[in-house]
Amino acid sequence: MSFKRPRGTADILSEDQPYWSHVYATGRRVAGQFGYSRIDTPTFEDTSLFQRGVGDATDIVQKEMYSFQDQGDNPLTLRPEGTASVCRAYIENGFQSGPQPVRMFYMAPMFRYERPQAGRWRQHHQFGVEAIGDQSPEIDAEVIELGWKYIADLGIHGVKLRVNNLGDPEGRADYISDLDQYFTERIDQLAKIDRDRLQRAPLRVLDSKVEETQQLADNAPKSIDYIGGETKDHWEALLMLLDNLKTIYPEFSYDVDHRLVRGLDYYNRTVFEYEPSNAGSQGTLLAGGRYDPLIGILGGQETPGIGFGSGIERMILEMKKQEVMVAQPAGPEIVVVALGDAGVAAAGLATALRAVDISTVLAPKRSMKAQMRYANNQNAANVVILGDREVENGVASVKSLTEGGDQSEVALDAAAIAAHVRYTKNQ
RNA sequence: GUGGGCGUAGUGAAGAGGUUAUCACGCUAGGUUGUGGCCCUGGAGACGAGGGUUCAAUUCCCUCCGCUCACCCCA
C-alpha cells in the first residue's frame, strides 16, 4: 500500500470538526470569563527545558520524548506538555515585572512516544491554563473552578474532582520515608509491579491499580498529615473555597483522595484531577496542580504557580460517550447548477454571490440530475439553475431544497438572488 | 518495553483448500430529452506483506507489518 499516518496520530476529518470547534470555542470562552489570555509557545523547545522542568527521572523524559538534533546539532524536543514552556516564556519575557498573577491559557498539540490505546495518542491536544505569581489558596480554587466550568460547559456530566496536598519539598522527605517504611514492612503483600514501584517512586505505589495494594494504600500514611504551618492553612482554606463552589455549581463535588499523586516532578501542595465516575483506563480528563518550585528550577526567581492540562481527544471521547449534541455546520446557501454552455456564466455568478457574502458552491459539471443530487448531499439550502434558456432570458431559476420547496425565476443578478434567498430563509 | 484480540472494496459485514469472492451502505451512470430525497437497472472498487505445506492457498502454518485493547505511564 502507500503512505499511512504515523502510529498514534489522527486525521481529524470533517465529521469530527464540530466537536473540535465546540471544544476550542468553549475553552476560549471560559478562559476569557476568568481573565486568562492566550499564549502560544513553540512546538519544540530545547531538550534540557523538559529534562529540568518535567524532571529527569520521570517516564516522560526517560522514554517518551520526541527528541532530535537539528542541522545545527541543537538538541530539541517536541513538547510533551505545556507547563514547562509557559514558565520558560514567563521568565524569558520578563512577566515577573508585570502585574501578578499572570493568567494564561493554551491550546496546542503535545507529543509523547507511547503505545497508543483508547484515550491515548502520540500526538494529542491539550487545553491548559497557568496562573503564575500568586500563592494564595484563592487562585488554586479559581483554577479548579475554571476546569469545572470548562467541563460543564462542554456538556459533560458525572465528573468528580479529586484533590490532595503533596506538601512542600522540605517536608516531603519525612513523608516519603514513612511511606517507604510502611510499604517495606508489608512488602510480602505487594505485587511484583508494586515492589518495583516502591524502588523507583514510592508515591506511585499509592495509585497502583492492583487491588490488594489499593487496600494497603488506604491505610498508608497520608501526605496531608505531614503538612503544617502555612501549607496547612493553605490547604484548609482551599477546602473551604471548594465547599463554597458546591453551593454555586449544583453538580460540583469533590473528594479528598490521599492516594492521588502526580507523575511530574514539579508539583507541590495542591494536586487535582477530574475524572468521569464511570471512567475507563485512560479516564483522566483534566489534571493539574501547584508547581511553586518550577520557575526557580528553570532559572527564574522563585515564583509560585498553578495550572492544569486537559486532553481534548479525551474530552471528545467522553462527549461522544455521553451523546453530547454539538452544532453541525450548515451547508452552502446556494449550489449553482450549470447546464449546456452556461458553465462560464455559472462560475461568474458563483463569484458574484460570494462577493455579496452568500456561501456558494459550484456543482461538478455532470447531468442535471447528478448536480441536483450533489446539491442535496451538500445540504444546500437552495440551488440556482443556470442553463442556456436562463442566460438567454437574463434570469436564473432559484429553487429551495426544503421539502416541497418552490422554484422561481429571479433576475440573473447576484444582489437580486441574494435578496431572494435571504427573504425565503426568513419566511 | 510487555501481553491479549483482529487484518476481505471507502465503510460495515458474509464466505469457501479448486472456474467470475457475496451482501448492505456509500460512490457513479442511466430509467426521467432540464429538477434532489423514494424506487428500479447497470458500472467501478477488496482478500496487509513475505515465506512454508499442497497438484492448487485469499482460506491451513510461520514470520513480519499494521490496527486495536490492556499493562507500564499519562491528558
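Note that these values count all heavy atoms, side chains included, but never hydrogens, waters or copies made by symmetry. Each chain gets a letter, A, B and so on, in the order its sequence line appears, and its residues count up from 1.
One P atom belongs to B:A21, the other to B:C71, and the distance between them is 44 Å to the nearest Å. Using atom C1' as the reference point in both B:U8 and B:C67, the two lie 15 Å apart (nearest Å). Straight-line distance between the P atoms of B:U20 and B:G15: roughly 22 Å, to the nearest whole Å. Comparing the C1' positions of B:C47 and B:A14 gives an interatomic distance of 13 Å, to the nearest angstrom. Between B:G37 and B:U19, the two C1' atoms lie 42 Å apart (nearest whole Å). Rounded to whole Å, the C1' atom of B:A24 lies 28 Å from the corresponding atom of B:G18. The gap from the P atom of B:C25 to that of B:C64 amounts to 41 Å, rounded to the nearest Å. Rounded to whole Å, the separation between the P atoms of B:G26 and B:C40 comes to 12 Å.
Put simply, the side chain of A:Glu390 and the base of B:G34 share a donor and an acceptor less than 3.5 Å apart. For a distance-only test at 3.5 Å, the side chain of A:Gln407 qualifies as a donor-acceptor partner of the base of B:U35. Side-chain atoms of A:Lys369 stay outside donor-acceptor range of the base of B:U35, with no qualifying N/O pair under 3.5 Å. Residue A:Arg115 places a side-chain atom within donor-acceptor reach of the base of B:U2, judged by atom type and a 3.5 Å distance cut-off alone.
Put simply, A:Gln371 has no side-chain N or O that comes within less than 4.0 Å of OP1 or OP2 on B:G36. The phosphate of B:U35 has neither OP1 nor OP2 within less than 4.0 Å of any side-chain N or O from A:Asn376. Contact annotation: A:Arg262 does not reach the phosphate of B:C73 (side-chain N/O to OP1 or OP2, under 4.0 Å).
Atom P of nucleotide B:C73 and atom CG of A:Leu203 are separated by 12 Å, given to the nearest angstrom. When the P atom of B:C74 is taken as reference, atom OH of A:Tyr113 falls 18 Å away, rounded to whole Å.
Heavy atoms of A:Arg389 sit under 4.0 angstrom from at least one base atom. A:Gly119 comes within 4.0 angstrom of a base, heavy atoms only. Using a 4.0 Å heavy-atom criterion, one finds that A:Ala370 contacts the sugar-phosphate atoms exclusively. No engagement by A:Thr58 is indicated, since no non-hydrogen atom pair under 4.0 Å with the nucleic acid exists. At the heavy-atom level, A:Ala375 lies nowhere under 4.0 Å from the strands shown. Using a 4.0 Å heavy-atom cutoff across all strands shown, A:Arg204 reaches sugar-phosphate atoms only and no base atom. Residue-level contact check: A:Ile193 touches the backbone only, with heavy atoms under 4.0 Å from sugar-phosphate atoms and none from bases. Backbone-only engagement by A:Arg373 is indicated by non-hydrogen atom pairs under 4.0 Å involving sugar-phosphate atoms exclusively. Among the protein residues, A:Asp196 comes within range of no part of the nucleic acid, since none of its heavy atoms lies under 4.0 Å from any strand. In this structure, A:Arg197 reaches the sugar-phosphate backbone alone: every heavy-atom distance under 4.0 Å involves primed, P, OP1 or OP2 atoms, never a base.
In this structure, the nucleotide among B:C73, B:G66, B:A75 sitting nearest to the side chain of A:Arg7 is B:G66.
Between A:Phe272 and A:Tyr274, the two ring planes are perpendicular [angle over 60°; tilted spans 30° to 60°]. The aromatic rings of A:Phe111 and A:Tyr66 lie perpendicular to each other, with more than 60° between the two planes, well past the 30° mark.
For the pair A:Lys63 and A:Ser310, both in contact range of RNA chain B, the more 5′-proximal nearest nucleotide belongs to A:Lys63. Nucleotides of RNA chain B nearest to A:Pro116 and A:Gly311 differ in position, and the one nearer the 5' end is that of A:Pro116.
The distance from atom SG of A:Cys87 to atom OH of A:Tyr266, rounded to the nearest 0.5 Å, is 8.0 Å.
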Residues A:Val205, A:Thr213; criterion side-chain contact (heavy atoms from CB on, under 4.5 Å); working and verdict: CA-CA 8 Å; A:Val205 179; A:Thr213 307; 3.8 Å; yes
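Searching all strands for a Watson-Crick or G-U wobble partner of B:C38 with both distances below 3.5 Å returns nothing. Pairing of B:C60, defined by two Watson-Crick or G-U wobble distances under 3.5 Å, is identified with B:G52. Across every strand in view, B:G7 sits in a pair with B:C65 that passes the Watson-Crick or G-U test at under 3.5 angstrom.
Within 6.0 Å of the OH atom in A:Tyr113, the count of heavy atoms belonging to other residues, nucleotides or ligands does not exceed 12.
Close placement of the A:Phe127 and A:Tyr150 rings is indicated, their centers lying within 6.0 Å of each other.
Applying the ring pair (Phe, Tyr, Trp, His ring centres under 6.0 Å) test between A:Trp148 and each of A:Phe34, A:Phe252, A:Tyr254 identifies A:Phe252 as the sole match.
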